[in-house]
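Here's the structure we're looking at; comments come further down.
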Amino acid sequence: MENKTDVKNQPNEKVKAFSLAISKIKSELAKDVVGQEDIVDNVIIAIIAGGNVLLEGVPGVGKTRLVRSLGRVLSLPFSRIQFTPDLMPSDVTGTNVIEKDASGKMSTVFQRGPIFANLVLADEINRATPKTQSAMLEVMQEHKVTVAKQTYKIDEPFFVLATQNPIEQDGTYPLPEAQMDRFMFKLVVKFPTVKELAGIVNMTQITLDETATAVIDGKTILEMRELSKSVPVIDDVLDYAVKLVSNTHPELDTSSSVAKKYIKYGASPRAAQAIITAAKVRALMNGKYNVSYDDIKALAYPVLRHRIKINYNAVNDKLSVDDVISKLLGDNSKDKTAVKVDTDNVVPPVADEPVIADVPDDGEKKKKEKKIKEKKEKPVKEKKVKDKKNEEVNVTISSTEVGQ
Amino acid sequence: MSENFKKLKTKNLIIAIIKSVIVGVAAGLAAAGIVMICMKLCVTAIDSGYYFLIGFATAAVAGCGAFLALRSSDKKLAKRIDEDYSLQERVQTMLEFAGKEGEIVEMQRADTSARIAGLPVLKSTYIRFIAPVVSLILACAVFGTAAVLPADAGSVFDPGNDKYTATETQLMALDTLITDVENSSVGASLKKELGNALGDFRTALDDVTVYGAKAAFAETVYKIDDAVIDANSYKTVCPELVKYPRTALLAKAFNDSVTTYQSRNVRISAYAQVENLSVLTEEAVGSVIKKEVDALRAKLNVLKNSTTASLAGELNDTVNCFDRTLAASQKYAEDGFYTALKDFGDKLKEIAENVDSYTDDYMQNTFDALSDALVTASAEALHAQAFNRMTQDFVRNRLADIFTDLHSGLPELDDSLTIPAGSNVPSENDPGGEGGDNDDDGDHTGSGGDQEIDFGSDDKIFNPFTGEYVSYLELLDFYQNLLSNKMNGGNLSPELIKFFEDYFSSLTESKSNG
C-alpha cells in the first residue's frame, strides 16, 4: 500500500545505513587517497558486490595505498602478497609443515599463506609465474584453498585486489583469461591531475602514514551485499545487459557487426552476472532503488574491458578495447545513447604482444563538476551525450598509455 | 498500482481522446472538403447530406484509428514518463514489480510514486499536439476553400462542355436568314443545299455544348461553300481552260466576271444587297467576257486570211482546248456556261472542217456570230453564277454577324485564277501534248498552231502564193496591206486596230534596220 507521506521522511533503516556506510568509506579513503573518486567508487561497488578488482596503472599512482587504506577502513584482516617471478604457489596458499609439539611428537601442520585474509592485495600480480597465478584461481572464485587434498575455507567477505603495472614488460607474465575472468572489474588508475598531484605532495609533506581508520566491518559489508541483491531490475534492463554481453561474441549469429569486425573472443557469462550484480550496488549507492540503463552502460567498461579480446582489425583502425565497447553500446540499443570514448591518448600496441586496452575512467552524473575540472587540466576528450531529453550525461573518457 | 500513476494514466487517456477527436474532425473536414472540391470541379451537384455523411464517416474512422494508435499501454506510458522526466526507469520498475514484495521494492514503489505525484502532463504532450492542430487548420482551409468555390468552378477549366444557349435574337435572325434563302432567286438545287445546311445548324442549336455549337457553325459554313462551288461551274471549268495559253486569258476573264461585283467593295449582309448588286453588275459581267472574246475573234479573223490548212489547224487547236476543258467538266453538261462553251467549240469545229468552202466574209461573219453568241450565253450563265456567289457572301456574312460567339473569323475564299506558266498547247503534232487529235488537214507547219512566229527574227515563213519558205520580211508588206483593208472595213475594234498598227510599225522598223 502506498505510503502517502513523504517517503524521504521515513527511509528504510537498512538503506540509510547503506548510504551512511558508503559515505563513511569514501570520506575515510579520501584521507589517504587524493582524487581517483571514480576508482574508489568502483572499488567499493566491487567489494559490496563481492567481486575482485584488478587495478592497473603506472607506478606511484596510489594503487597499493588505496588497497591498504581500504583494508583499514573496512577493518578487515588484510594481507599483501608481493608477486615476484620466484614466488611459489605455496607461498600464496600456504603449505604443510612438520612441527614438533611440546611432547616432541612430530606432526604435520598446515601453515596458512597470506591468502588467508579478508582483503588480499596481490601486488604486481603479473610478475608471478603462471603456476603461481593459477594458485589464485580457486581462491578468487570459490573462496577456498585446497592444499594436499585438504580444503580450507576462507572467511567472508573475501576480496582480492590485484595490481599490475602496464608498462613493465620484462619479467612479467600476462594473466591468463581464466584468471582475468575472475576479476569483476578491471580499473585503470590514471595519473593524477595537477591539482591532485599538488594535493598529494602537500599531504605527503606532512606525513607519509596512512591515516584512514576503520568505519565498517565485514559483517556490515555482508549486510550491504544482501541488501543490494534485492534491488529490482526490470526485464528490459536485464535484456539490455545480457544482449550487451552476448553481442561481444562474433561467432554468434545474433552478435553485432562490431563484434564480428573487431572482437576475437567475447566475454564469459560471468560478465553478465558481474554487470547486474554491480549495477544493483551502483544504483543503491546513487540513491536509486532500481537498476537503470545508465548503470549498465557505466559498468560496461570495467566489466568487459578485460574479458574481450580485440583483433587486428581494431588495431588497424586504431581502436582500443574501450572504443569497441563504446561501439557495442551504440549497437546494443538504438534509443539508448552510446557513451563515446576518448581515443586521442591511445598508444597503438606493439604487434605480437597481447593488446591491452585503454582504460578509461568510469564517470557518473554526480562527478560532473570534477570531470570538468579534469578536462581543463588534462587533454581529455569529453563527449556530452544527451541521455534523455532534459539531461546530459557527461562522460569523460581518457586513456592512458597502453602497456607494451 | 500507484494512485499517482493512475492519475497520469487518466490524464494521458484524456489527452489521447482529445487528440483523436482533433484528428478525426480534421480528417472529416478534409474528406468532405476534397469531395466537395471534386464535385464542383466536375460541375456536378450532390445533396449536401452526402458531404456530411462522408465527413462523419471519415471522422469516425480516423478518430478511432488515432485513438487506438495514441492510446498507450501501461508499459509504454511508464516508458514515456521515465523518458520525459528522466526518472531512469523508476516508473517502469514500479509498474513491473507492482505486485512484488520486498523492502527495496516497496521503497522503490513509494519513492517513484512520490516523484510522479503532481506531474501535470507529459512534457512532450504540448509538442505532440502541434501535429493534430496543424492538420485541423489545414483541414479547415480545405473545407473553407471547397465551401467558397462556386458550383460550376470546373467550367473555368473546360468551358467547352457547358451547354450552349443561343439567344432569342440569334435564333430569330437565323430563322430570317433561312427564310431569305428560301425566297431567294438562286437555283433550286443550290437553294435546297443552302436550306438544308442552315436548317441542320438551327436544329443543332437546340441541344449542344459550346464546343458542339462552334463545330456546327464551322460545318455549316463549309457546307455553304461546297454547295456554291458545286453549283457554279466556272469554278471547275475555268481552272481547266486556263491551262492552255490560247484560252488562258479567256478563262481568266470568265472567272473574273463572276467576282466583278467585289470591285465595288460592298460587304453583303442583306439579301436586298444581293439583288441590287446583281442588277448593277450584269453589264459588267458581259463586258469583261466580251473583251476577251473579241480578242479571240480578232485573232481568228486574222488567221482566216491565211492558208486553209493553217486556219483549220488554228481552229482545231482552239477547239481542242475547249474539248479538253469540257471533257474535264462533264458533270456540268446541263449548265449554261458549259453549254455556251460547248456550242462555241462545236461551231468552231464545224468551221474548221469546212474551212475550204467558206469565203473570207462568210468566215468573218461566222466568227462574229460565234463570238457574240459566246458572249451572250456565257455572260448570262456567269451572271447567274455571280448571283450564287453573292448569295454565298450574304449567307456567310449573316451567319458570322449573328453568331459572333461561335467563330473567330470565317475561312477566306479564293476567287483568283492564276494562269500557269509553261503550259503546253495540246496538238496532234506535239508529242508531249495531251492526247493529240488526228487532223485530216495534214501538217500544220508554217503559220500553223504548232510553230511560233518569232517576230523580228530572220526565220522563214511559208509563202502561200509560191509555196516556198521565205523570209517574213518579203511578206510583210502583203500582210500589212491585207490588214489595212480589213481595218478600213470597220471590222475590228479600235483597240485591235491600234494593236496591229503598232505591231507592223515595229516590224517595219526591223526591216529598215535589217
Side-chain angles (χ1 to χ4, degrees), chain A residues 1-19 223-224 226-241 279-284 286-298 333 335-337 364-365 386-393, chain B residues 1-10 12 72-130:
Chain A
M1 184 175 176
E2 182 184 0
N3 190 348
K4 294 188 179 178
T5 57
D6 188 358
V7 172
K8 293 181 181 176
N9 293 329
Q10 297 181 351
N12 183 277
E13 290 298 323
K14 290 183 181 177
V15 173
K16 191 177 177 182
F18 185 99
S19 302
E223 288 172 355
M224 291 168 74
E226 280 305 310
L227 184 66
S228 66
K229 284 180 183 176
S230 60
V231 173
V233 183
I234 60 174
D235 290 340
D236 287 350
V237 174
L238 182 65
D239 287 343
Y240 179 82
K280 289 184 176 183
V281 176
R282 186 178 185 274
L284 214 53
N286 291 335
K288 294 186 306 185
Y289 300 105
N290 61 276
V291 175
S292 67
Y293 291 104
D294 289 344
D295 298 321
I296 304 298
K297 283 189 283 184
S333 173
D335 56 347
K336 297 296 177 185
T337 308
E364 296 181 15
K365 290 185 287 184
K386 279 201 172 178
D387 180 37
K388 306 292 181 191
K389 290 182 180 178
N390 299 315
E391 271 191 45
E392 282 188 355
V393 175
Chain B
M1 187 185 293
S2 164
E3 287 300 321
N4 292 330
F5 183 77
K6 283 182 184 174
K7 287 178 187 174
L8 271 178
K9 189 178 171 184
T10 304
N12 190 61
S72 298
S73 61
D74 288 351
K75 190 174 180 181
K76 283 184 184 175
L77 178 61
K79 194 170 183 180
R80 274 182 54 198
I81 295 172
D82 281 332
E83 287 174 356
D84 283 2
Y85 291 99
S86 304
L87 293 176
Q88 294 190 314
E89 288 71 53
R90 285 182 171 88
V91 181
Q92 293 175 74
T93 306
M94 180 186 72
L95 199 68
E96 191 166 319
F97 289 83
K100 301 287 174 60
E101 293 179 354
E103 290 176 336
I104 298 297
V105 170
E106 286 172 5
M107 287 188 66
Q108 195 277 335
R109 205 149 42 221
D111 173 63
T112 305
S113 184
R115 286 174 185 269
I116 65 174
L119 290 179
V121 289
L122 293 174
K123 279 190 178 180
S124 59
T125 297
Y126 294 117
I127 297 172
R128 290 173 185 166
F129 262 107
I130 290 176

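Letters A, B, ... are given to chains in the order of the sequence lines, protein chains preceding strands, and every chain is numbered from 1. Computed from heavy atoms alone, side chains included, the values below leave out hydrogens, waters and symmetry copies.
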Going from [atom1] on [X] to [atom2] on [Y], what distance comes out if it is rounded to the nearest 0.5 angstrom?
X: A:Ser230; Y: B:Glu106; atom1: OG; atom2: CD; answer: 10.5 Å
X: A:Ile234; Y: B:Lys79; atom1: CD1; atom2: NZ; answer: 8.5 Å
X: A:Asn290; Y: B:Asp82; atom1: CG; atom2: CG; answer: 8.0 Å
X: B:Thr112; Y: A:Lys288; atom1: OG1; atom2: NZ; answer: 11.0 Å
X: B:Gln88; Y: A:Asn286; atom1: CD; atom2: CG; answer: 8.0 Å

Report which part of A:Asp295 has an atom under 4.5 Å of a heavy atom belonging to chain B: side chain, backbone, both, or neither. neither
Where on A:Val291 is there a heavy atom nearer than 4.5 Å to chain B: the side chain, the backbone, both, or neither? backbone
Do [X] and [Y] have side-chain heavy atoms sitting under 4.5 Å apart?
X: B:Ile104; Y: A:Pro232; answer: yes
X: A:Asp236; Y: B:Glu89; answer: no
X: A:Tyr289; Y: B:Val105; answer: no

Give the member of A:Val231, A:Leu284, A:Val237 that has the highest number of heavy-atom pairs under 4.5 Å with chain B. A:Val231
I'd like to know which of A:Leu227, A:Val233, A:Asp235 tops the heavy-atom pair count under 4.5 Å against chain B. A:Asp235
